[in-house]
Amino acid sequence: MTEKTEAAASRRDFLKLAGTAAPAAVAAVAVSGTEAEAAETPKADGRMQDTPHTRAYLASTRF
């Protein structure tokens, strides 16, 4: 029976640590100061983009 209480205590300790470490990690990332810039995607004229993914899908739907 002591093994169950030790295992429960270790899970509790892990969850306590995870609860306090997650906000600290978010704060560290927010303070780092580096920003990632998203690349602009070319806009098509209402058509699907020609990518390997769409080509594979269209090839799989052919009869």
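Side-chain atoms are counted along with the backbone in the values below, which use heavy atoms only and exclude waters and symmetry mates. None of these values were measured; they are calculated from a predicted model.
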Inset, instruction - Please name all residues satisfying salt bridge (charged side-chain N to carboxylate O under 4.0 Å, His left out) with Arg62, sequence neighbours left out, ordered by chain then number. - result: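 Per chain and number, Arg62 pairs via salt bridge (charged side-chain N to carboxylate O under 4.0 Å, His left out) with no residue.
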Inset, instruction - Name all pairs fulfilling the salt bridge (Lys or Arg N to Asp or Glu O under 4.0 Å) condition that reach into residues 50-61, sequence neighbours left out, sorted by first residue then second. - result: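 As it turns out, the salt bridge (Lys or Arg N to Asp or Glu O under 4.0 Å) pairs with a partner in residues 50-61, which skip direct neighbours, are Asp50-Arg55.
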Legend entry - Partners passing side-chain contact (heavy atoms from CB on, under 4.5 Å) against Thr51 (at least two apart in sequence or in another chain):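 In terms of side-chain contact (heavy atoms from CB on, under 4.5 Å), with neighbours along the sequence ignored, Thr51 is linked to Gln49, His53, Thr54.
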Inset, instruction - Any chance you could measure Leu15, atom CG, to Ser10, atom OG, to the nearest 0.5 Å? - result: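 If we round to the nearest 0.5 Å, Leu15:CG and Ser10:OG are 9.5 Å apart.
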